[in-house]
Novice: 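Take a look at this one; I'll ask things after.
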Amino acid sequence: MPTLVETVLFYAGFLGSIAPMEIPFDCTQCGRCCHDLRLTLSVEEARAWATNGHQVDLLAEGWAWTDYANEADPAIAWRKATTFSAMVGDVPFRINLRLVARYEGPCPHLLPDMRCGNYEARPRICRIYPLESRPFEAMTPEKRRCPPEAWGKGLPVLERNGEPAETEPRAILSQHRQTMVDDVPRKAQLAAALGFTEAALAGEGLATCEASPTTLLAALEIADQSRTAPRPNWSIVTNRETTRAMLADLDCPARLVATGYGFLSAFADER
Ligand code: SF4
Ligand code: SF4
């Protein structure tokens with residue numbers, strides 16, 4: 001005779017097995033995801049993008065990092081794996097760098113009929129959209145640009161129980177995440193070659209280095225050949241005076257800036 005708990009677990013498992021969490025989706029080719037974006041690129045994708053004369057920005061954010069950061073927490077371990085260590089004054093930080101293709105209006109590869117003119121060589125992030133590229137973040141259709149009819153009942157299953165339902169997108173997503181880890185040292189070298197050593201506090205915004213495609217390619221060449229560890233001294237940019245003052249109290253070098261060139265803000269400027 002099963003206990004009450006065994007009976008509940010049996011039926012929970014039974015219901016789970018017949019009712020997986022599924023997100024149906026089918027692309028409508030509306031082209032919204034190919035307009036006004038910053039696409040996260042790997043180093044090699046950034047090189048290809050800049051070689052075609054298109055703009056690639058380098059974005060930086062940082063976390064103060066203590067020895068007692070709980071690396072048993074998978075989200076903290078992921079953050080550590082995708083960042084490198086640096087000092088801001090006497091405070092240890094982890095710096096995250098992102099290479100992004102930036103375009104206002106349509107992507108330079110978008111064709112008039114909303115098809116991709118770079119289909120075979122499009123970045124991984126384009127291949128997996130609208131899946132969530134970051135682990136530990138749920139994919140929420142409301143935050144995607146796809147129209148409501150792209151999520152209708154009866155369409156092919158995009159995600160099942162938080163994982164891509166199909167083998168190919170699952171493999172591309174896995175490669176994308178692995179590249180985010182593998183590229184960390186080269187992005188640090190690239191920042192050093194560009195002389196870019198300012199980051200925003202994570203959650204407050206992103207410091208941006210808007211080098212021309214030619215400058216970026218030249219810096220990538222230097223980064224490829226560099227064998228020395230990059231300079232670990234970074235400083236913080238912020239658009240909030242309270243943050244600047246707090247950092248000054250900790251003897252952390254910090255600069256007050258306005259939202260715009262060089263700084264993407266999550267908050268209104270505060271003086
Ligand atoms: S590369 Fe292609 S799929 Fe990616 S944003 Fe540009 S047009 Fe869209
Ligand atoms: S926004 Fe969504 S539905 Fe529209 S083209 Fe992009 S992936 Fe397809």
Side-chain angles (χ1 to χ4, degrees), residues 8-42 44-46 49 59 61 72-83 96 98-103 106-107 109-110 113-184 202-203 206 266:
V8 168
L9 287 176
F10 172 80
Y11 282 108
F14 176 69
L15 288 173
S17 70
I18 61 168
M21 282 285 294
E22 292 184 340
I23 300 180
F25 174 78
D26 199 15
C27 176
T28 65
Q29 304 273 331
C30 70
R32 291 182 197 166
C33 61
C34 303
H35 285 78
D36 301 306
L37 270 186
R38 288 181 170 84
L39 294 176
T40 300
L41 303 176
S42 69
E44 288 315 315
E45 289 170 341
W49 201 269
L59 312 181
E61 63 183 338
D73 177 339
I76 301 272
W78 169 254
R79 183 174 297 169
K80 186 175 183 191
T82 51
T83 56
N96 174 249
R98 276 176 59 203
L99 283 160
V100 295
R102 169 168 57 90
Y103 46 87
C107 168
H109 293 293
L110 190 63
D113 64 358
M114 299 296 128
R115 285 182 304 119
C116 176
N118 187 37
Y119 193 76
E120 293 305 321
R122 69 199 192 285
R124 285 192 196 93
I125 199 82
C126 300
R127 295 167 191 261
I128 56 179
Y129 194 86
L131 290 166
E132 174 57 56
S133 62
R134 295 164 297 181
F136 317 114
E137 294 272 338
M139 195 271 276
T140 40
E142 303 76 44
K143 291 186 181 169
R144 296 297 184 256
R145 297 187 175 197
C146 314
E149 57 270 29
W151 307 99
K153 275 186 184 166
L155 294 175
V157 176
L158 174 73
E159 195 180 274
R160 182 174 292 114
N161 296 330
E163 294 290 330
E166 299 294 330
T167 310
E168 190 179 345
R170 205 178 312 142
I172 297 170
L173 182 58
S174 172
Q175 287 163 8
H176 174 79
R177 290 174 178 169
Q178 187 59 50
T179 309
M180 291 301 106
V181 174
D182 295 344
D183 277 352
V184 169
L206 291 157

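In this text, all values refer to a predicted model and were calculated from it rather than measured experimentally.
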Novice: Would you indicate whether the side-chain heavy atoms of Trp49 and Arg102 approach each other to under 4.5 Å?
Specialist: no
Novice: Would you say the side chain of Pro130 lies within less than 4.5 Å of the side chain of Leu158, judging by non-hydrogen atoms?
Specialist: yes
Novice: Could you walk me through whether Val184 and Thr83 pass the side-chain contact (heavy atoms from CB on, under 4.5 Å) test, one step at a time?
Specialist: CA-CA 6 Å; Val184 169; Thr83 56; 5.9 Å; no
Novice: Between Asn96 (side chain only) and Arg79 (backbone N and O only), is there a donor and an acceptor less than 3.5 Å apart?
Specialist: no
Novice: Suppose the criterion is salt bridge (Lys or Arg N to Asp or Glu O under 4.0 Å): which pairs have a residue in residues 122-138, not counting sequence neighbours?
Specialist: Glu45-Arg124, Glu132-Arg134, Glu132-Arg144, Arg134-Glu137
Novice: Distance check, rounded to the nearest 0.5 Å: Ile172 atom CD1 versus Thr179 atom OG1?
Specialist: 11.5 Å
Novice: For a 4.5 angstrom cut-off between non-hydrogen side-chain atoms, does Arg177 reach Pro135?
Specialist: yes
Novice: Just jot down the side-chain hydrogen bond (donor to acceptor under 3.5 Å, both in side chains) partners of Glu22, sequence neighbours excluded, or say none.
Specialist: Arg160
Novice: Measuring from atom CG of Asn118 to atom SG of Cys107, what distance do you get when rounded to the nearest 0.5 angstrom?
Specialist: 7.5 Å
Novice: Which atoms form the tightest heavy-atom contact between Ile23 and Pro141, and what is the distance?
Specialist: CG2-CG, 4.3 Å
Novice: Any idea which heavy atoms bring Glu159 and Gly162 closest together, and the distance?
Specialist: OE2-CA, 3.5 Å
Novice: May I ask you to test the Glu163-Leu173 pair for a side-chain heavy-atom distance under 4.5 Å?
Specialist: no
Novice: Taking Arg38 for its side chain and Val100 for its backbone only, find out whether a donor-acceptor pair lies under 3.5 Å.
Specialist: no
Novice: So, using ring pair (Phe, Tyr, Trp, His ring centres under 6.0 Å) as the criterion, who are the partners of Phe25 when residues are at least two apart?
Specialist: Trp151
Novice: So do the side chains of Leu110 and Cys116 get within less than 4.5 Å of each other, counting heavy atoms only?
Specialist: no
Novice: Would you say that Tyr119 contacts Cys126 through its side chain, given a criterion of any heavy-atom pair below 4.5 Å between the two side chains?
Specialist: no
Novice: Does the side chain of Trp78 come within less than 4.5 Å of Val181's, by heavy atoms?
Specialist: yes
Novice: Would you give the length of the straight line joining atom CD of Glu44 to atom CG of Asp183, rounded to the nearest 0.5 angstrom?
Specialist: 7.5 Å
Novice: Can you tell me how far CG of Leu37 sits from CD1 of Ile125, rounded to the nearest 0.5 angstrom?
Specialist: 10.0 Å
Novice: Under a 4.5 Å cut-off applied to non-hydrogen side-chain atoms, are Met114 and His35 in contact?
Specialist: yes
Novice: With rounding to the nearest 0.5 Å, note down the distance linking CZ in Arg98 to CG in Leu39.
Specialist: 9.5 Å
Novice: Can you see which heavy atom on Leu41 is nearest to which on Ala46, and at what distance?
Specialist: CD1-CA, 3.7 Å
Novice: Begin from the C-alpha positions of Ser133 and Ile128 and carry the test side-chain contact (heavy atoms from CB on, under 4.5 Å) through to its verdict.
Specialist: CA-CA 8 Å; Ser133 62; Ile128 56 179; 4.1 Å; yes
Novice: Give, for atom SG of Cys27 and atom OH of Tyr129, the distance between the pair rounded to the nearest 0.5 Å.
Specialist: 10.0 Å
